[in-house]
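Here is the structure we will look at, set down as structure tokens.
Bear in mind that the values here come from a model prediction, so they are computed numbers and not experimental data. Within every chain, numbering begins at 1; the chains are lettered A, B, ... in the order of the sequence lines, protein sequences first and strands thereafter.
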Amino acid sequence: VAHEASRRSAGTDRAARTPEPDDLAGGERRAPGALEAEILAILRLAQAPLSPGQVRDRLPAEPSAAQLATDPAERATAPKQLSYSTVVTIMSRLYAKGLLARQRSGRGFSYAALDDASLAASRMRQALGSEHDHSAVLSRFVSDLSTRDARLLRQLLTELDSGRTGDHG
Amino acid sequence: VTWTLYLPLVAPAVLSAAARPLAARIEPRHATWLLTAAAVALAACSTIALALLAAYAAARAPMLAAAGDYSQQVMRRGDPVSVAAGVAAALALTGAGGAVTWMFRRRARATLESYRRAARMSATDGIVVLPDADIEAYALPGLPGRIVVSTGLLACLDNRGRAALIAHESAHLSGRHHLFTSVARLAAAANPLLIPTVHAIDYTVERWADERAAAETRDRRLVATTIGRIALLSRAPSPRRAIIALGILGRCYLQSSLLLAGPVPRRVAAMLGAPPRRQAALVAICTTLVLFAAVAAVLAARDLHSLLELAEGATE
């Protein structure tokens, strides 16, 4: 319900002004971690993965409506919608932290909040480190490939495809 | 005779030099057991040799001679080890002790962490599906262990490919492969000459799981293509021109390239070949090496013991 309201206010606002690229975290009005929390909450409530644009549309504009009402002079300038790049930055930061899953959609990504089990799995992947790490006890299906190895592998697979009736196994 | 003191120290280097060819030829399960056991035995032998070298140097100290009531002259005459070598051995021994402790703590902590996390995951049939576009699959040791697969990877595979992947990962869990790699790392912490052996064991463990997957799916080619395709999907795409060049160079080039290649192409090539057979001769050679080192360590210990007895006798 809250999102419906915020989307409406954001929608009317967007028509009036163009977003500023430097408008990080909505200026000084939002606490640093607050925007991340808001975005996470929006994604948790959403039924399907959302693109950064969709998330931005669901974010409430700044500052809140109650504050706006007290100062009519400020109302004309203050309601700022976050820039698209800000939302993308924050969402990719959340992804890097292992809090979001993402999938390709068109030219960009759409993101979904992880449920608890997946969140644990994702955090663990970060905690348990890479295969070159001595503390890594998990066994990956495939290890990293060098360029040379990749070339060799393509050759092997090509041979496998072409040699289905050939001399192998 | 001094060779008994130094043979256990260089034997790990011999094992490491042979480890990769051995890993390529011996049936993977046997190779894993053999290499791990050999690594542990050789780490123990080389540690004993270091301790003996250090003991020889320590026995020369006048204080110890007085306390132990033996003749320092006899000791010095019979001593096959220079003081410098003894001191170096003592330092190496201290370093090895520290390294083993450090490695043990790291691995133990990581294993406990893995068990803890595996226990917290809700899984269906031991499989956790991670909603993620990245290509990712791994086995997480635990009681019970978990297989974690990303939706991005599952989307790239048909049912048979998924079966091969799951069979591979569950082979890691049921075989407790992390124990082999952990033990091997402890051995290499005691003697860094064993590091190439650790890499060989990492490889044989993967091959072991591959062979299990092949046995379960009854399709070696399927396992080969699944490994190869997933490995290529996991990395950024690169130009396809290289394939044509390699195609012209042909099989001979391919075979020689595999000698230097990383684990993934070698795994694929191994799956394309015939199933591995037992290689009794290679196992025997490897066992002989370990026996030589063990016998040398025992002889060296006996030498020190009889020298000490001689020195004790000289004071009476």
Side-chain angles (χ1 to χ4, degrees), chain A residues 48-49 95 98 100-105 109-164 166-169, chain B residues 103 106-107 109-111 113-114 117 120-123 128-133 136-141 148 152 165 168-169 172 177-178 181-182 185 205-206 209 220-221 224-225 227-232 234-235 238 240 242-243 246-247 254 257-258 261-265 268-269 272-274:
Chain A
Y95 170 75
L100 298 181
R102 72 179 188 193
Q103 59 191 51
R104 263 210 182 279
S105 71
F109 290 99
S110 60
Y111 294 80
L114 292 174
D115 61 61
D116 287 345
S118 321
L119 202 57
S122 157
R123 283 204 181 123
M124 170 188 47
R125 186 168 40 164
Q126 292 174 323
L128 296 186
S130 74
E131 75 216 70
H132 302 297
D133 188 352
H134 284 306
S135 66
V137 289
L138 56 85
S139 10
R140 289 216 153 78
F141 186 60
V142 287
S143 49
D144 294 339
L145 280 184
S146 69
T147 315
R148 235 182 77 95
D149 282 357
R151 221 186 297 148
L152 202 53
L153 201 50
R154 285 204 191 86
Q155 161 80 351
L156 280 168
L157 291 180
T158 315
E159 196 173 289
L160 179 63
D161 284 339
S162 62
R164 282 240 164 248
D167 55 347
H168 278 309
Chain B
M103 183 62 83
R106 276 196 82 159
R107 291 296 289 196
R109 207 179 296 153
T111 308
E113 176 74 3
S114 167
R117 285 169 186 269
R120 274 210 313 243
M121 287 177 149
S122 56
V128 178
V129 176
L130 191 68
D132 194 338
E136 181 76 79
Y138 51 88
L140 193 68
V148 181
L165 167 70
H168 172 102
E169 296 301 351
H172 278 317
H177 291 173
H178 67 283
T181 56
S182 291
R185 276 168 177 75
V205 153
E206 291 303 323
R220 299 178 71 77
R221 280 166 181 274
T225 42
I227 301 165
R229 278 188 47 218
I230 294 177
L232 288 174
S234 315
R235 70 196 305 276
S238 66
R240 293 183 66 82
I243 304 169
L246 268 171
L254 186 65
S257 312
L258 277 173
V264 175
V268 172
L272 293 179

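B:Ser182 is linked by a side chain to side chain donor-acceptor pair (under 3.5 Å) to B:Arg107, counting only residues two or more places apart in sequence or in another chain. Under the side chain to side chain donor-acceptor pair (under 3.5 Å) criterion, B:Glu206 pairs with B:His168, B:His172, not counting sequence neighbours.
Most heavy-atom pairs under 4.5 Å with chain A: of the set B:Ala209, B:Ala261, B:Pro263, this distinction falls to B:Ala261. Considering only heavy-atom pairs separated by less than 4.5 Å from chain A, the leading option among B:Gly152, B:Ala269, B:Pro265 is B:Pro265. Annotation: maximal heavy-atom pairing with chain A below 4.5 Å, among B:Ala231, B:Gly262, B:Ala224, occurs at B:Ala231.
In this structure, chain B has a heavy atom under 4.5 Å from the side chain of A:Leu157, while its backbone stays farther away.
Summarising the geometry, atom OG1 belonging to A:Thr158 is positioned 9.0 Å from atom CG belonging to A:Leu153; distances are rounded to the nearest 0.5 Å.
Considering only heavy atoms from C-beta on, B:Arg109 stays 4.5 Å or farther from B:Glu113 through its side chain.
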